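A quick write-up on the structure given underneath.
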Amino acid sequence: MALNDPQWGKRGGNNEGPPDLDQLWRKFTQKVNALLGRRGPPNRPNGGPPDIKQLGGGFGLLLILIAVIWLASGFYTIDASQRGVVLRFGQYAETTQPGLRWHLPYPIETVEKVNVSSVRTAEIGYRNNVKSKVPKEALMLTDDENIVDIQFAVQYIVTDAQEFLFNNRNPEDTVLQAAETAIREIVGKSRMDFVLYEGRTEIAAGARKLMQDILDRYKTGITISAVTMQNAQPPEQVQAAFDDAVKAGQDRERLKNEGQAYANDVIPRARGAASRLLEEAAGYEQRVVANSEGEASRFKQILVEYLAAPVVMRERLYLETMQQILANSSKVLIDQKGGGNLLYLPLDKLMQTAAAPVAGGDAANKPSSTTETLPLPADNSMRSREAFRTRDREQRQ
Amino acid sequence: MKSLSTVVVIAVIALIVASMTLFTVDARQYAIVFQLGEIIDIKKEPGLYAKIPLVQNVLYFDSRILTVESEDPERFLTSEKKNVLVDAFIKWRVVDPKQYYISVGGEEARARTRLQQAINDGLRAEFGKRTVHEVVSGQREEIMEILRKRADADARKIGVQVVDVRLKRVDLPAEVSESVYRRMEAERKRVANELRSTGGAEAEKIRADADRQREVIIAEAYRAAQQTKGKGDAKAADIYAGAFEQNPEFYSFYRSLEAYRQSFKGNNDVLVLEPNSEFFKYLKNSGKPPPAPAVK
């Protein structure tokens, strides 16, 4: 299988395929030569298969076998999420990408694999679940000397595998430490209401920045990707009081709304009543004026007639009026001289007897006769009282 | 075959010699090379080095940043004589392996103890000067920086650099926390009461305002209504006057008749009459033409 084979060559250029053994071998001899060239006379076999063959026999084969096993121990794979850090005699040599790799076998080179792309999480104030709190971590003092109960989740990734490996003994613990100190510092500078309510995102952002500063100072090779406040509560001991305060806020709104509801009921009603008053007044005005105009006009017309024949007119009007009055009233006619004598009549009885037969007519006798025509047919005056009354009632109805 | 075994023997011997001669220093380490107990070399750079077998030996130290974290928070008094529980951590690293070896024998535990003492001392001094509030919020960074400098100065004597000192927790002891909770509760109660009473007050205000508006609206309407009515009355009076003053005497008569009619309209009215009134002038006399009226 040659390198210029089209199929093979296509893939050989990339890092994807299995590495070409010839190439690896050449790389190996190059490296060994370079090392030996520096370190001493090359009186040892310098690795080429032809040299080994010269030794011959089974022992040679054994040596070859040992050498092959030794060389094969240099293969390693790097997962897609990892980077390999190759150390040559303890010194950093290179960082390798994912795939099947080969390094000079132990003790010359070693490889350390670091997971770089997966997001790691540090939990502050709780473990696994926000409900399982760690009060020692979660409770912290605020600027106004209140205590709040906070849970944070910190997500971070390793961005520099080399720094991550070499600069700190326990980089992951360092993240926790940095997180705790940063959050407490930020919270310590904020007021409780700010932490609990409006400032949540700001607190998280501030903590993130401070954490990153701290981690950069220690050259941990870690980048914080997110700091999220999982929960921020007043401590359990005072939770009830806080809930009550929230309820009080609701109560306040409720009371205000009730007041508003009352206002919304009363004012439109008052407006209604006001417009009723106004309308009534306008009605009254028009009625009064119309009445006056009507009455005036009636008077004027009668006046014209009156002027034409004053005596007759007066007489007629007087009689008609009296007739009407007397027709509608109970009356007692006393033809007796010397009216100074005591006159005793059972007036109340009289009235009762008079009222009884006419009770039905009472309703009909309602006022409204102000504008009633005064003139009556002349012959009516001769009728009996009863007949007249009946007729009159009909007319009024 | 003979040459082959020679080669093998030589190779084995070479390997043994090499393993005794050569040593590597990792990127995470420093090494001190001793010759019969005397420090003759310090390797701070990683790589492959050689030494004389049997005569020289090598000691390794961690070159990374290490942490000292207090196990349990300690109590410190602030300037207002309040106790606070403080939990701090120190980030440190060996910078001078020779000094480090001489001072603490290269033992991390001893170095930790030393650092912790320095920090405790510093914390006591700095907290004694400040109030709880200053420690918690105002001067936290300042304190940390002072502590770092102080601890660093001391740590240099043992070949150690203090990279950072950070206060982690500054908490109140449990008894004090309890009273803080009580205070917080009282504060919330105050807030709650305030909210409720202001709510009540505002509601009352809204109601009162509504009532006032109602009164005003109705009163204004009443005023306008009365004005309108008055206008109507005046106009009517004017009209009446205009008509009636044409003949006041007849008006008086006409109006009186009208008034009588209105006054006596119920059946309950009882009129006691004498027949010798004007109205009854024909009641007794059949009304023979002209003669003098018999009416008294």
Side-chain angles (χ1 to χ4, degrees), chain A residues 55 89-92 141 143 146-147 166 168-169 177 180-181 185 188-189 218 237-238 241-242 244-245 248-249 251-252 255-256 258-260 262-263 266-267 270 273-274 277-278 281-282 284-285 288-289 292-293 296 299-300 303 306 317 321-322 324-325 328-333 335 355 358, chain B residues 4 24-28 46-48 64-66 89 91 136-137 140 166 168 180-181 184-185 188 191-192 195-196 199-200 202-203 206-207 210 213-214 217-218 221-222 224-225 228-229 231-233 235-236 239-240 243 246-247 250 257 260-261 264-265 267-273 275 279:
Chain A
L55 295 169
F89 294 119
Q91 193 172 16
Y92 172 77
L141 272 177
D143 188 31
N146 287 315
I147 297 171
F166 300 148
N168 283 273
R169 184 184 281 172
Q177 289 156 354
E180 220 182 317
T181 173
E185 184 170 336
K189 282 181 184 167
Y218 307 156
Q237 289 90 332
V238 297
F242 272 75
D244 189 53
D251 284 351
R252 181 185 155 185
L255 286 170
K256 274 163 80 176
E258 280 171 7
Q260 198 61 55
Y262 173 78
V266 159
I267 293 172
L277 275 177
L278 291 175
Y284 172 84
E285 184 193 12
V288 164
V289 170
S292 67
E293 279 169 350
F299 177 75
K300 280 181 195 165
L303 185 63
Y306 170 75
L317 286 177
T321 305
M322 288 311 283
Q324 238 175 47
I325 291 170
N328 277 335
S329 314
S330 309
K331 49 220 153 270
V332 178
L333 202 64
D335 186 12
V358 195
Chain B
L4 181 67
T24 60
V25 175
D26 193 85
R28 289 159 282 208
L48 183 68
R64 290 175 294 184
I65 294 176
L66 310 177
F89 65 87
K91 289 282 176 186
V136 171
S137 61
R140 205 179 181 118
R166 296 203 66 90
K168 217 160 67 178
V180 168
Y181 292 147
M184 288 169 74
E185 240 168 37
R188 281 299 121 179
V191 170
L195 284 172
R196 291 212 170 91
E202 280 184 53
I206 293 168
R207 275 174 221 265
Q213 285 190 47
R214 180 181 58 191
I217 288 166
I218 288 178
Y222 181 76
T228 310
K229 283 183 176 175
K231 214 165 76 185
D233 286 341
K235 203 168 166 191
I239 291 165
Y240 281 131
Q246 291 179 12
N247 192 334
F250 178 63
L257 291 181
Y260 300 154
R261 219 178 325 165
F264 303 104
K265 63 202 290 192
N267 284 303
N268 292 341
D269 299 327
V270 178
L271 294 173
V272 179
L273 303 167
F279 182 68

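Just so it is clear, the model here is predicted, and its values are computed rather than measured. Letters go in sequence order (proteins before strands), and every chain restarts at 1.
The CG atom of A:Leu278 sits 12.5 Å away from atom OH of B:Tyr222, with the distance rounded to the nearest 0.5 Å.
Only the side chain of A:Tyr284 comes within contact range of chain B, with at least one heavy atom under 4.5 Å from a heavy atom of that chain. B:Arg196 touches chain A through backbone and side chain together, each having a heavy atom under 4.5 Å away.
With sequence neighbours left out, A:Lys256 forms a side-chain hydrogen bond (donor to acceptor under 3.5 Å, both in side chains) with B:Glu202.
Heavy-atom pairs under 4.5 Å with chain B peak, among A:Lys300, A:Gln177, A:Lys189, at A:Gln177. Chain A forms the most heavy-atom pairs under 4.5 Å with one residue out of B:Gln213, B:Glu185, B:Lys231, B:Arg166, and that residue is B:Arg166. Ranked by heavy-atom pairs under 4.5 Å with chain B, the list A:Ala282, A:Ala273, A:Ala263 is led by A:Ala263. Between chain B and the residues A:Gln260, A:Glu185, A:Glu258, the largest count of heavy-atom pairs under 4.5 Å involves A:Glu185. Per-residue heavy-atom pair counts under 4.5 Å with chain A were compared for B:Arg140, B:Gln246, B:Met184, B:Arg188, and the maximum is reached by B:Arg188. With chain A as partner, the option from B:Thr24, B:Leu66, B:Val25, B:Leu195 having the largest number of non-hydrogen pairs under 4.5 angstrom is B:Leu195.
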| request: Decide yes or no on side chain to side chain contact (heavy atoms under 4.5 Å, CB included) for A:Arg169 and B:Arg28, but give the supporting numbers first. | output: CA-CA 9 Å; A:Arg169 184 184 281 172; B:Arg28 289 159 282 208; over 6 Å; no

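Taking the ring axis of B:Phe89 as reference, the NZ or CZ atom of B:Lys168 does not stay both within 45° of it and closer than 6.0 Å to the ring centre.
Between B:Ile206 and A:Tyr262 there is no side-chain heavy-atom pair separated by less than 4.5 Å.
One N or O on the side chain of A:Asn168 and one on the backbone of A:Tyr218 form a donor-acceptor pair closer than 3.5 Å.
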